[in-house]
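All residue numbers in this chain count up from 1 along the given sequence.
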Amino acid sequence: MASSWTWKKAIKVGAAAATAGGGGCALLYLTSVYNSDRKKEQVQQQLAASGLNKRPSKPLPTRADQLNSLANEQFDVLIIGGGATGSGCALDAASRGLKTAMVEYDDFSSGTSSRSTKLIHGGVRYLQKAIMNLDIEQYKMVKEALHERANLLEIAPHLSFPLPIMLPVYKWWQLPYFWAGIKAYDLVSGGDCLKSSYILSKSRALELFPMLKKNELKGAIVYYDGMHNDARMNISIAISAVRLGASVANHVKVVDLIKTDGIVSGAKVRNQLTGEEFSIKAKSVINATGPFTDSIRKMDDGQTRDIVCPSAGIHIMLPDYYSPSNMGLLDPATSDGRVIFFLPWQGLTIAGTTDTPCPVTNSPGPSESDIQFILSEVKNYLTPDIDVRRGDVLSAWAGIRPLVKDPNAGDTASLVRNHVVHVSDSKMVTIAGGKWTTYRAMAAETVDEAVEAAQLGVGPSMTDGLLLEGAHNWAPTMFIRLVQDLGVDTAVAQHLSDTYGDRAFSVGKMAGLTGQRWPIVGRRIHQEFPYIDAEVRYAVKEYAATAVDVIARRLRLSFLNVQAAEEALPIVVSIMADELGWDKEEQDKQTEDAMDFLRMQMGKDLNKASRDNIPVSLTKAEIAEYVKRFNALDDGKKGYISINDIRKSLKSQGVILTNEDVSALMATISVETHGSLDLPEFLQMMSAIKSGTVSHSRFAKMAEMDYKAKKYGEHMERSGGGV
């Protein structure tokens, strides 16, 4: 029997469906809800009988234990690739009782799976094409994705949630057109509908999204899709596979395939951290390497044709004031026909994405032209009261989407719209294409093919409804217990709960004392974000092996704010050194590698270049004022001003800079200017701030404080580091 809350939802959305498409559509919708609810109950009964949804209590094996297992045991399945699909394959295989191995060249979710738009969606535009073209395959693809969207929100409720997304309407005829399309999206969702869509008047739309451009706005439509922390979700899938007995290892590269009588029977691999090589033996091998699919396929058959057509999608992070905290925005038709999402995420605003052909690389980076394109599109939808500035871009990154051709088709020139599962003559199974939302269904289909190809003799997939790491005992109010039981502050508790689910207590118990009255424990690694020291230690237990693993995938700091990630890096490296026994040389190497990552892949170099390329556009009066300021600060008339100049001068006036203040200042200028600024560089910085290319500068603000104190003899209060 369907639960009461399901029928309340069914009646509510069914009524809307009846209005849109008549009583027949409503009846069809209600039937879909009923069937969906019965199927969910059956799935839960099967999982309960199997014991798979029981919360695991044993500690995770260490990385050394995992490597030893991979080198010395025989496996049923070896998965190459630790992204969403590869980890999904590992979980699917392990849940069927198969002896499972998985290796990842870099870190879990280090590639495309951590660089998504963060949406869990069925595809509104795909449904539009399915209806307009009467395309049943496209319709089935949307239907499957909508089911997987609902399933993902159920199996990881701490990591995912429904997000309302606004579609602003600026032409009257678009209102009924978009409304019909969005209602069709609700209807096709059936029992998997998250919440019913609705229409807003102009005034109500501006109330909910006050940043919107008012001129010619007619109204808006709001619909719901899912949102998640993609990298953490990926890691949770991989850890869930480990809980069921899978042996997994990151930073292990496949260098060759092993064949027995022409059949792939394992792989030769290299530990990227030590250089050690060993072999992994398996009855079946799955290639789930995303953009790198063809490199593994060519290990199997050097003459095989490429099937991946890589495309780069760029995203940027903007400050929180660019969007409401609980409402996203969809631009369905940009100036070049692409779709732009504008979404609140992790307390900031994410905007993207682009779609540009690109080469396959381990270190994709954003381009300035794509950043400018996104900013220009954002500007088109926001009120002129908001100055959309290049300097507000906190970070930028690129993800490579592996669009694929079907190797089974005669016409290999056209791209498939969904994903491809291919079994080679040597029985290697390749899964390529698809999207984040459907990772589980893709994994189930892939493992089915591997089971058949290797005659492994196990039952069907058990992952529909299978709870992921942290979901078993989680509740939305769990953060309150964290505050009360552990003594962490509310923001940190909410973050721990939303990231680790019911494992948040294990993380919190590793937190160090703050030395303050409140919070008692949980030292933040950066004052602007709720990440604490314990998370770095816990990340090592979950196989984080480099500083980049932590700042990019475990904490997401590099994706949120590249400058903050650089400022937190010394603390992260120090804690990891304690956990992993790094000496000074290794700590320096980790710091250098992390800085290279921030510069090349997270947009730090582009932020610097955009500032440096701005010509000095100051008035004569402004130049005269800044020259006076520069000369007053240049102690000893050296021709440049340094942090020490400002520190010394402020100290003489009773203002003491803390180590945190100095670190922040050094992060602002040291890399670019070797810790000092000459007059042309100083003027350029002032011009960049004026133009908005740089949103603010700690160095410039501190210099201004010092100059005013000297000029006017003011009593200067220390800002507390927030300059």
Side-chain angles (χ1 to χ4, degrees), residues 56-67 107-110 158-159 229 231-232 234-236 238-240 242-243 248-251 273 469-470 478-479 481-483 485-489 491-516 519-558 560 564-565 567-584 586-587 589-591 593-594:
S57 57
K58 292 183 179 180
L60 287 174
T62 65
R63 188 168 186 276
D65 291 337
Q66 297 282 49
L67 290 169
D107 185 26
F108 309 119
S109 190
S110 59
H158 57 299
L159 285 173
N229 181 343
R232 182 64 205 173
N234 192 157
I235 293 166
S236 295
I239 296 298
S240 298
V242 174
R243 298 287 189 188
V248 309
N250 52 355
H251 302 286
L273 303 180
E469 176 83 350
M478 181 172 286
F479 76 95
R481 286 178 52 204
L482 288 167
V483 174
D485 295 354
L486 299 182
V488 296
D489 71 54
V492 168
Q494 187 75 65
H495 158 68
L496 294 178
S497 174
D498 292 347
T499 303
Y500 304 97
D502 62 17
R503 302 284 175 179
F505 288 94
S506 299
V507 181
K509 288 175 182 177
M510 301 174 72
L513 294 171
T514 63
Q516 302 173 351
I520 299 171
V521 300
R523 295 194 300 269
R524 295 197 183 203
I525 66 169
H526 193 282
Q527 61 185 1
E528 296 174 25
F529 295 91
Y531 302 127
I532 60 173
D533 55 342
E535 293 182 81
V536 182
R537 302 186 191 281
Y538 194 77
V540 173
K541 292 185 179 297
E542 288 189 332
Y543 312 126
T546 71
V548 174
D549 292 350
V550 172
I551 64 172
R553 268 85 59 180
R554 303 317 197 277
L555 302 186
R556 311 317 311 271
L557 195 51
S558 68
L560 295 171
E567 292 165 6
L569 187 57
I571 299 175
V572 171
V573 170
S574 176
I575 296 173
M576 294 190 76
D578 289 341
E579 294 294 313
L580 296 171
W582 290 344
D583 58 18
K584 179 64 165 59
E586 181 62 24
Q587 291 180 57
K589 179 182 181 300
Q590 290 292 330
T591 301
D593 289 347

Check: Run the side-chain contact (heavy atoms from CB on, under 4.5 Å) check on Phe529 and Leu555 step by step: do they pass?
Finding: CA-CA 10 Å; Phe529 295 91; Leu555 302 186; over 6 Å; no

Note to self: If you apply the rule side-chain contact (heavy atoms from CB on, under 4.5 Å), what do you find for Thr591 with Leu569, and how did you get there?
What the structure shows: CA-CA 7 Å; Thr591 301; Leu569 187 57; 3.9 Å; yes

Which pair of non-hydrogen atoms, one from [X] and one from [Y], has the smallest distance, and what is that distance?
X: Asn250; Y: Arg63; value: O-NH2, 2.5 Å
X: Ser109; Y: Ala231; value: OG-CA, 3.4 Å
X: Pro519; Y: Gly487; value: CB-O, 3.4 Å
X: Ile532; Y: Ile525; value: C-CG2, 4.0 Å
X: Ser240; Y: Ser236; value: OG-O, 2.7 Å
X: Thr514; Y: Arg523; value: CA-CG, 4.0 Å

Can you tell me how far the [atom1] atom of [X] sits from the [atom2] atom of [Y], to the nearest 0.5 Å?
X: Ser574; Y: Glu579; atom1: OG; atom2: CD; answer: 10.5 Å
X: Met478; Y: Leu496; atom1: CE; atom2: CG; answer: 11.5 Å
X: Phe479; Y: Gln494; atom1: CZ; atom2: CD; answer: 4.5 Å
X: Glu469; Y: Asp502; atom1: CD; atom2: CG; answer: 7.5 Å
X: Asp583; Y: Lys589; atom1: CG; atom2: NZ; answer: 11.5 Å
X: His495; Y: Thr499; atom1: NE2; atom2: OG1; answer: 4.0 Å

Less than 3.5 Å apart, which donor and acceptor atoms pair up between the side chains of residues 542-550 and the rest of the protein, not counting sequence neighbours?
unit_1 : atom_1 : unit_2 : atom_2 : d
Glu542 : OE1    : Arg232 : NH1    : 2.7
Glu542 : OE1    : Arg232 : NH2    : 3.3
Glu542 : OE2    : Arg232 : NH2    : 3.1
Tyr543 : OH     : Pro61  : O      : 2.6
Tyr543 : OH     : Gln66  : NE2    : 3.4
Thr546 : OG1    : Val548 : N      : 3.4
Thr546 : OG1    : Asp549 : N      : 3.1
Thr546 : OG1    : Asp549 : OD1    : 3.1
Thr546 : OG1    : Asp549 : OD2    : 3.4
Asp549 : OD1    : His251 : NE2    : 3.3
Asp549 : OD1    : Arg553 : NH2    : 2.9
Asp549 : OD2    : His251 : NE2    : 2.8
Asp549 : OD2    : Ala545 : N      : 2.8
Asp549 : OD2    : Thr546 : N      : 3.1

Checklist line | Step-by-step side-chain contact (heavy atoms from CB on, under 4.5 Å) determination, Leu60 to Arg243 | finding: CA-CA 7 Å; Leu60 287 174; Arg243 298 287 189 188; 3.7 Å; yes

Margin query: Please confirm whether the ring centroid of His526 lies under 6.0 Å from the ring centroid of Tyr531.
Written below: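 Here the rings of Tyr531 and His526 have centres that are no less than 6.0 Å from each other.
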
Check: If we only count heavy atoms from C-beta on, is the Asp578 to Arg537 side-chain gap below 4.5 Å?
Finding: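 In short, these two side chains touch, coming nearer than 4.5 Å.
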
Note to self: Between the side chains of Arg554 and Glu535, is the shortest nitrogen-to-carboxylate-oxygen separation below 4.0 Å, so that they form an ion pair?
What the structure shows: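 So Glu535 does not pair with Arg554 through a salt bridge.
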
Margin query: Checking Val483 against Asp489 for the side-chain contact (heavy atoms from CB on, under 4.5 Å) test, could you report, in this order, the C-alpha distance in whole Å, the side-chain angles of both residues, the deciding distance, and whether it holds?
Written below: CA-CA 6 Å; Val483 174; Asp489 71 54; over 6 Å; no

